[in-house]
Amino acid sequence: GDSVTQMEGPVTLSEEAFLTINCTYTATGYPSLFWYVQYPGEGLQLLLKATKADDKGSNKGFEATYRKETTSFHLEKGSVQVSDSAVYFCALSDTPTQGGSEKLVFGKGTKLTVNP
Amino acid sequence: DGGITQSPKYLFRKEGQNVTLSCEQNLNHDAMYWYRQDPGQGLRLIYYSQIVNDFQKGDIAEGYSVSREKKESFPLTVTSAQKNPTAFYLCASSIQENYGYTFGSGTRLTVV
């Protein structure tokens, strides 16, 4: 079945450092890809998404490009802040059955801590 | 503002009790989902529902039950058959393909 593999954390960076969180996937068909962020004690929030190959999703300084040839969707940010400390989840949407709604498959999450 | 409301935020259950977690949305989304989150294991799908009065088991449905009598509501019951219920439970909804999910803020269930 479809699966998502994220780099294991935790990741600890200093403020203004460059961030990369790797994400690769296995899927049949052409899934959409997502990054979600979870702050302590809260639910997940959609950070960005890409629906087809070579699309770039971006939001709040974060970016990720849908690379079909390498089946990857790595999350990057040029200069992280303390407020970016959270858990980040990569996800893909499987191909829904006819008339059905999508189901997301999540990676295990990567905890990021940014120190001042 | 539209969104998903989960209640309560914290819930304590005694051994052998059933408890029900509430999930309500006013987004007019057709599909709703329940996930369980454990440290280091990511999110695992418990149940999902695509339309009213219909729902399907996810990957870890044993010991759980759901109902979908209204479009807005998708309560989850954790039964006494669930041997390790302590976890963070997340409800989500979606409207269409490639849209992604909107999540609630979660309920933390602890067995005492």
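Computation of the quantities below employed the complete heavy-atom set of this structure, encompassing side-chain atoms and omitting hydrogens, waters and symmetry-equivalent molecules.
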- prompt: Given that the side chain runs from C-beta out, which part of B:Q37 has a heavy atom under 4.5 Å from chain A: side chain, backbone, both or neither?
  reply: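 For B:Q37, side-chain heavy atoms alone lie under 4.5 Å from chain A.
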
field: Portion of B:L45 that has a non-hydrogen atom of chain A nearer than 4.5 angstrom
entry: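 When you check distances to chain A, only side chain atoms of B:L45 fall under 4.5 Å.
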
message: Do A:Y25 and A:V105 have side chains that approach each other closer than 4.5 Å (heavy atoms only, starting at C-beta)?
response: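 A:Y25 vs A:V105: side chains apart.
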
task: Hey, could you give me the CG/OG1 distance between A:N22 and A:T110, rounded to the nearest 0.5 Å?
output: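 It comes to 9.0 Å.
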
task: Evaluate side chain to side chain contact (heavy atoms under 4.5 Å, CB included) for A:W35 paired with A:C23, printing each intermediate quantity in order.
output: CA-CA 10 Å; A:W35 276 101; A:C23 172; 3.5 Å; yes

task: Measure distances from A:L104 to the heavy atoms of chain B and classify the residue's part below 4.5 Å as side chain, backbone, both or neither.
output: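 When you check distances to chain B, atoms from both the backbone and side chain of A:L104 fall under 4.5 Å.
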
- prompt: Checking A:Q38 against chain B: side chain, backbone, both or neither under 4.5 Å from a heavy atom?
  reply: side chain

- request: Determine the sole option in B:S73, B:C91, B:S7, B:P75 for which the side-chain contact (heavy atoms from CB on, under 4.5 Å) test with B:E24 is passed.
  value: B:S73

task: Could you point out which residue of A:Y88, A:F89, A:F106 forms a ring-ring contact (aromatic ring centres under 6.0 Å, His included) with A:Y36?
output: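 That would be A:F106.
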
field: Most contacts with chain A, counted as non-hydrogen pairs under 4.5 angstrom, among B:S105, B:G58, B:G106
entry: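 It is B:S105.
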
